[in-house]
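One structure is given here, and the rest of the page talks about it.
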2 protein chains.
Amino acid sequence: MFEKIPKPVARRLAIYYRVLKEQSKNGAETISSSSLGRMLDLKPSQIRKDLSYFGGFGKRGTGYNVIDLMKSIEKILGIDKRWNVLIIGAGKIGRALANYPGLIQDGFTIKGIVDVSEKKIGKTIDEHLTIEDVAEMEKIIRERKIEIGVLCVPSDVAQKVLNSVIQYGIKGIVNFVPKRLKAPKDVMIEDVQISLSFKALSFRMVNSER
Amino acid sequence: MFEKIPKPVARRLAIYYRVLKEQSKNGAETISSSSLGRMLDLKPSQIRKDLSYFGGFGKRGTGYNVIDLMKSIEKILGIDKRWNVLIIGAGKIGRALANYPGLIQDGFTIKGIVDVSEKKIGKTIDEHLTIEDVAEMEKIIRERKIEIGVLCVPSDVAQKVLNSVIQYGIKGIVNFVPKRLKAPKDVMIEDVQISLSFKALSFRMVNSER
DNA sequence: TTCTAATTGTGAAATTTACCACAATGAGGT
DNA sequence: ACCTCATTGTGGTAAATTTCACAATTAGAA
Ligand SMILES: NC(=O)c1ccc[n+]([C@@H]2O[C@H](COP(=O)([O-])OP(=O)(O)OC[C@H]3O[C@@H](n4cnc5c(N)ncnc54)[C@H](O)[C@@H]3O)[C@@H](O)[C@H]2O)c1
Ligand SMILES: NC(=O)c1ccc[n+]([C@@H]2O[C@H](COP(=O)([O-])OP(=O)(O)OC[C@H]3O[C@@H](n4cnc5c(N)ncnc54)[C@H](O)[C@@H]3O)[C@@H](O)[C@H]2O)c1
């Protein structure tokens with residue numbers, strides 16, 4: 001679609017998007033790369049370069065139109081449409097995500113949550129999502145046109161569960177399991193490794209002179 | 001402490017650590033950079049280079065002793081000691097973290113969890129942690145020698161809560177709030193931005209030909 | 001209309017990070 | 001003791017990413 005985009009760019013675009021959304025709520029009409037940079041501790045040139053991979057969104061002398069840029073980033077990130085999401089594993093983290101407004105607001109619709117545990121199946125989360133049987137997963141994925149699976153199962157079953165999810169046609173995974181999973185390369189996996197952040201913090205704290 | 005360490009290295013060390021722990025459970029005595037690399041989809045030379053910043057842990061011809069390397073990485077990451085952690089905000093994500101075994105196993109002790117909500121204060125999570133009043137936070141931090149705070153509060157109060165936490169002497173924050181927070185530079189903040197991972201996945205999915 | 005101030009878009013330089021290639025080393029066999 | 005094989009540690013190079021610097025453009029004032 002576009003030429004070669006440095007990998008960190010997509011992530012930063014999502015950060016810009018967050019700020020733009022906030023600013024548009026506050027009624028700002030335009031924003032400059034330098035004011036954005038100040039808010040995010042990034043160099044203005046970084047921001048301009050990032051945006052320039054996708055086209056010229058700004059106006060010289062004025063900056064960027066907040067709404068327009070937001071819309072453009074939505075397109076680039078693919079969140080101008082809604083994604084259908086299934087949460088797999090209704091444990092602590094799965095249930096936390098199930099009602100995370102941040103996701104819903106940004107284009108991800110939680111279409112279901114499944115588990116194996118007899119005790120959990122049938123229970124309702126926040127009065128609008130009912131935990132369903134993982135045995136129904138294939139049907140759920142096909143009927144509700146699930147595109148993204150969120151893996152929140154115990155480590156030792158993660159690969160097995162992933163394999164079936166892929167078999168049912170899912171092409172995108174957000175993986176909360178602290179384990180490197182194997183998948184065909186047309187299946188995108190995005191790892192979220194919370195405990196790595198704690199260790200990275202620890203490292204910085206004991207090496208804080210540098 | 002050490003010379004100039006590339007920033008991605010600490011994060012990778014934490015990944016190596018995870019695998020080493022798993023391997024040591026499986027009874028492996030040694031591991032080579034190439035087998036580690038295969039498991040993690042990393043070039044062996046990357047792994048050797050990463051480790052070499054901190055010294056020569058391996059033995060030529062044989063590889064690395066799993067236990068020794070694990071211990072060495074623990075030291076480097078600063079998780080050879082236990083860190084005292086306070087969770088701030090007993091909402092969905094705060095409560096999920098409160099009993100995440102991954103953290104406890106890797107050197108982080110959850111010493112408390114606080115909230116403002118009258119309804120939540122006094123309630124017990126998994127029978128061993130009781131939600132306390134955020135008004136007691138200063139006392140808790142000082143008496144229990146809290147070193148790391150985990151921010152799980154709503155976006156609009158995050159900066160205010162952070163400011164007080166810092167005032168009470170905390171030097172490390174794991175921040176789950178999707179917002180760039182300001183802090184003196186001797187306070188380390190590690191951001192965990194779950195919704196960015198979803199957007200990054202979306203981006204990859206709509207641009208998957210590249 | 002012309003000038004001024006602000007700000008973008010972008011080649012090119014600088015910096016950071018990853019990768020390669022190979023000498024050095026240790027283990028195990030003969 | 002010597003050879004062979006596997007594998008590390010690392011200097012040097014390549015690749016990726018960030019930052020700089022400045023011409024180009026726009027808005028608004030004089
Ligand atoms: N709790 C956290 O804060 C946290 C943070 C980061 C990562 N994680 C990771 O997320 C995963 C889940 O953690 P958790 O704390 O929610 O654990 P949990 O034990 O609370 O939840 C796991 C859930 O998965 C269900 N499950 C088991 N096998 C299944 C299967 N085959 N199909 C569907 N569901 C199945 C279980 O019944 C359970 O409800 C773990 O791998 C954990 O390491 C957890
Ligand atoms: N739920 C998720 O999966 C998720 C994922 C990533 C990030 N987050 C972020 O984490 C934060 C919390 O999210 P949540 O889903 O747990 O929300 P939540 O509403 O369930 O929890 C927030 C908690 O903070 C408490 N609180 C409010 N003001 C406080 C204060 N001054 N001091 C102490 N506690 C206070 C509230 O009483 C509530 O219990 C939000 O910023 C959210 O964006 C949530």
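Owing to the predicted nature of the structure, the values given are computational and were not obtained by experimental measurement. Heavy-atom basis, side chains included; hydrogens, waters and symmetry copies ignored. Below, chain A is the first sequence line, B the second, and so on; all start at residue 1.
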- Message: I'd like to know if the side chain of A:W83 pairs up with that of A:T109 as donor and acceptor (distance under 3.5 Å, no hydrogens or angles considered).
- Response: no
Take the protein atom [atom1] of [X] and the nucleotide atom [atom2] of [N], then report the distance between them rounded to whole Å.
X     : N      : atom1 : atom2 : result
B:Y64 : C:dT25 : OH    : P     : 16 Å
A:R12 : D:dT19 : CZ    : P     : 8 Å
A:I47 : D:dT17 : CD1   : P     : 18 Å
A:D50 : D:dC20 : CG    : P     : 15 Å
B:L42 : C:dT17 : CG    : P     : 16 Å
A:R48 : D:dT17 : CZ    : P     : 20 Å
A:K43 : C:dT15 : NZ    : C1'   : 12 Å
B:Y53 : C:dA18 : OH    : C1'   : 9 Å

[X] bridged to [Y] by N-O distance under 4.0 Å:
X      : Y      : answer
B:E143 : B:K111 : no
A:R18  : A:E74  : no
B:D50  : B:R12  : yes

Does [X] reach a base, just sugar-phosphate, or nothing at all? Heavy atoms under 4.0 Å.
X     : answer
A:S33 : sugar-phosphate
B:T62 : sugar-phosphate
B:K49 : base

- Message: Counting neighbours of CD on B:E29 that are heavy atoms of other residues, nucleotides or ligands and sit closer than 6.0 Å, is the number greater than 12?
- Response: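 For B:E29, atom CD is not crowded (no more than 12 foreign heavy atoms under 6.0 Å).
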- Task: Confirm from the modelled atom types if A:R60 and C:dT8 form a donor-acceptor pair under 3.5 Å, side chain to base only.
- Result: yes
Check every atom of [options] against the side chain of [X] and return the nucleotide holding the closest atom.
X     : options                : answer
B:P8  : C:dG26, C:dA18, D:dG9  : C:dA18
B:S52 : D:dG9, D:dT8, C:dT16   : D:dG9
B:S45 : C:dA21, C:dT16, D:dT18 : C:dA21
A:Q46 : D:dT7, C:dC19, D:dT18  : D:dT18

